[in-house]
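Quick notes on the structure that follows.
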Amino acid sequence: MVRNLLIAAVLIQGGICSAQQQLENTSFENWQNVGGPEEEPTEWSSIKTSDAGSFINSSAPQVCERSTDSHTGSYSVRLENKSVFGIVATGTLTNGRAHGDTNPENGYVFTDATDSQWNTAMTDKPDSLVGWFKYAPVSGDKAKVEAIIHSGAAQNPENGTSGNFVAKARFTTTATASSWTRFSVPFTYFNANASTHILVVMTAGDSTIAKAGSVAYFDDIELVYNVVGVNELDLNDIKVFNNSQRICVDLSSKNSYEITLKLFDLQGRELLKVNNLTKGINYLEKPKSNGVYLVNISLDGKMVTKKIVINN
Amino acid sequence: MAQNKGVFKGVVTDGKEPVIGANVQLLLDKSKGAATNFDGEFAFESPIGMQKFIVSFIGMITDTVEVEIIKDMISTRKIVLQSNAEILQSVEVKVGKFDTDIKDMTISMEVIRPSLIENKNTRSVETILDQTPGLNIMDGEPQIRGGSGFTFGVGSKVAVLVDDMPMLSGDAGRPEWGFIPVENIDQIEVVKGAASVLSGASALSGAIHIKTAEPGVKPLTKVNLYSGFYSSPKDTAAMWWEDYPYVHGINFLHSRKIKNLDLVVGGLMNLDHGYIGAPKPGPFVQDSITNFSDDQMKSNKGRLNIGLRYHPKKMERLTFGVNANVMYNNTNMTLAWLDDTSGIYRAYPGGVILQNQLIYNIDPYVNYFTKKGMKHSLKARWLSTDNEMSANQSNFSDVFYADYQFKHVFEKVYDIKFVAGASTTQTNSISQIYTGGGDSTNSVGNYSGYFQIDKKLLERVNLSFGFRGENYILNDTISNLATIMRGGMNIKITEGTNFRVSYGQGYRYPTIAERFIRTRVGTFGVFDNPDLKPETSWNVEAGLRQGFKFGKLMGYLDAAVFKQEYQNTIEYLFGFWDPTYQFAIAGFKFLNTGNSQVVGLDASIAGQYKVEKKTAFNFIIGYNYILPTTLQPDEVFAEDFKPGGSGEFSYNSTSLDSAQKILKYRFLHTFKVDLEYVYREKLAIGTSARYFSKIENLDRAIIDFEEVTANTGGSLQEIRYLDYYENYNNVNLMLDARISYSFLKHHKIALVVSNLLNRTYSLRPLKVEPMRTTMLQYSLKF
């Protein structure tokens, strides 16, 4: 019973059932130095805590702030590009550390493998990087999310450290997104080497040609795993709903693979299991009692869980 | 020797009554003379030959009489002094190379009399200078006719001379106002327009000559006690102190003749609570440099001066002496305010320097008159400044100045007045902030020679021509030669109407500070510029001086139109001057910014309305209009190492408002008024007003500073000026008032209020001027 409850809890929280390594504080609910110039999400860092020393850090603009405009939970992170004597400091957030420099061309983020404050361990092999964003670019600007799985030291831009890179995922957008929008990008693996860390960076602008005034919000950043773990399906591709008689699972956008569907109640009891669903709309019998149920669909090694409410 | 003497004897009257206590002095050697007794009589020994004597008495027009003194004989004269009916027309100029009546001069000059200095309870000389038409003092930095902007007091473009010798700090060319013995000033003369021939280098746009008083024939003792306070600012949120905001002080002067020795002793003690408090930065600002207490911002100053002059009995053509002055001063230099509202009377973190200053000068001199009336004088000054400053800004400098001068009227050669001389200045500076030349020790040597000839034609026309050659040697290697000339003419059109035209050149060699400063305070640096070129200027003007008398109203009106041109103007500009960004990311640097001009006009009217004997209404009203413009708005005079592409520096790119081509930090219109009503020579009520129009143009960098500091989220204190500039700094009208009452002959009590309306006002960006100060003053003079 306890075990089942745990499973259910995991399913509800993230739709991911996994022991794999994740980034920390990815929904940006926990913050440090709130109200001060070094206001940053816990475990993340922006340019005012760079390694450049107090002179540059104190004169650097505050580009990272806590926002109550969130996708889930209470907060998201707001990044803005700001001008310093005509030089644009890009709104930047990293799970590593920023290297500040007067010249944006010399700025980068890096994993400081010697100090756990400035790194995040990563020995697994996630499949993709997903998350949510809003973006209000000044015309021509480009927001970016980039993750590099690597061993030892690494910088982004790579500047001679690419030999340590194992995989990289990169998402960019130039379009205005005034409501929360999802992104999902796969990791491209360069080699089969063992990794030690992951370096993630989010920016509101296009590095050296960023424009002052572009604003980006990010929330609920996640790593998604496949094959060995349970990876996530694209929710947009599968629609689960119920009509008065039956549960409908729309697999119209999917080719027919080995699709397995399981129906759980909130106590984690498996009520139904159907193998080999087919392309198109599949119909299932509804449970008798009213309540919230979980529909778990496995497809091609990936998995997604959706909630449905039954009200007879 | 003694056989070449005669006696000059006489009586001085005002036409009816004898004048008691009038001074009669030998023009060539003012140490020789006597005071008249109760019967108006005087007698003293004089060298033989045709001699000129100056006869003076307060309230009378100074007269010059020419008498032939014959060996071992008594020459007698009856001298009638005219009352001061036209005194304002006939101010005798004392510091110029010749004793000339101001109305006959070929240049524009304003004269400040010591009475105004005393009446306004002047504690430091720059505050009285600010009342002069055509001269503005911007946070201690003198501007004459808009000839300079603002460079934090470094490299003054106006020469400041005390007793004809320079009084600018050796390394930075900064006027040491507080050091000038304000209790012992005989007269201040302000020369407007380039005046390097007569006043030496740095008289690029003008010169301020301060003449200290010499002992009169009678002993004089003055003691002046004062105590006052700063009012709370109008915006009570900006009030920062809880203790009593005091200003206390005493100054004194004693002068007398003891046989052949003339003695002057003077001094001052001033305790000043100050009106600017210590920085109180926001919660996230890290300030380890200027985390001072308010008590540390208080100022204390003590100064002592002594003058000794000896004229040996057996060599009456010789006088020699020494003047010395020493001051200890602990004060602060505030570069910027905390913010433009409640922090306006506080300093910006990192923007204030505490200063402990020890400064002294020793001036020996020798004068010798030949039998034929030629004057040879040799004078020297050792000026030593030791500034112990916070934030590692300490500096030390010695200036050695010497001048030999020859003066003669060649009666046989067309009656030409001739003056020629040679002077040298050696400046040695030691400071860790002047290391841009590779060494903390720097030196500048100057050698110059000059002459001027004056010639009077037809009793109506004064012609004047002068020339100066200068050679500068910087750190024994770099040498610069320059020649400067001037010429002028004054025509007496009718009695009381004089017309003058003049042309003069100016030359200013950059100071050690401007070339070699390399320092860092807080985030930003100040960068050296060893390639800085000297500034030059010329000034051409025409003026008219008209005396007038309508019944009981008399005075003069003076108007001048002028045009000045400046080349290689040095300004202080913010940029990315270090290609490696290692020393400091960015900062200030002194740069030659090209050519500019100022055209304008000066007009002043001064005079007196005499109600009855001893009751009068005095007025001095001055207006100054300038149009200072750049001649090279697009000229790129510097490029910096701005990341992602260098920044080009031109007038246009560095100006906040370049539309009208107006130079930065200039007031186009200024009005200065001083009015005084004196009742029976006992009660005096006076008021001063100063009006400054809005500064039209500023350094554009101020926008960046505001944006950058605002963007830091509070890790740097936000710099705030533009909002104040747009909304509150449109015009500045300042009023002062004073009332005094004299009693029992020697005593005077006065109440002096500066900034009567208690306005919060600012002349130069990011610096607020004092709120109302009220001062009670007691003077004893006998």
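All heavy atoms count here, side chains included; hydrogens, waters and symmetry mates do not. In what follows, chains are A, B, ... by sequence order, proteins preceding strands, each numbered from 1.
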Would one find more than 12 heavy atoms of other residues, nucleotides or ligands at under 6.0 Å from atom [atom1] of [X]?
| X | atom1 | value |
| --- | --- | --- |
| B:K280 | NZ | no |
| B:D723 | CG | yes |
| A:E24 | CD | yes |
| A:K134 | NZ | yes |

Atom group of B:F574 that falls short of 4.5 Å from chain A, counting heavy atoms = side chain

Where do B:F284 and A:P37 come nearest, in terms of heavy atoms and distance?
-> CG-CD, 3.0 Å

Got a second to check how far B:L716's CG is from A:Q62's CD, nearest 0.5 Å?
->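 If I round to the nearest 0.5 Å, the distance is 12.0 Å.
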
When the 4.5 angstrom heavy-atom criterion is applied to A:N57 and chain B, the contacting part is backbone

Derivation and outcome, side chain to side chain contact (heavy atoms under 4.5 Å, CB included), residues A:S58 and B:Q286 | CA-CA 8 Å; A:S58 63; B:Q286 302 275 326; over 6 Å; no

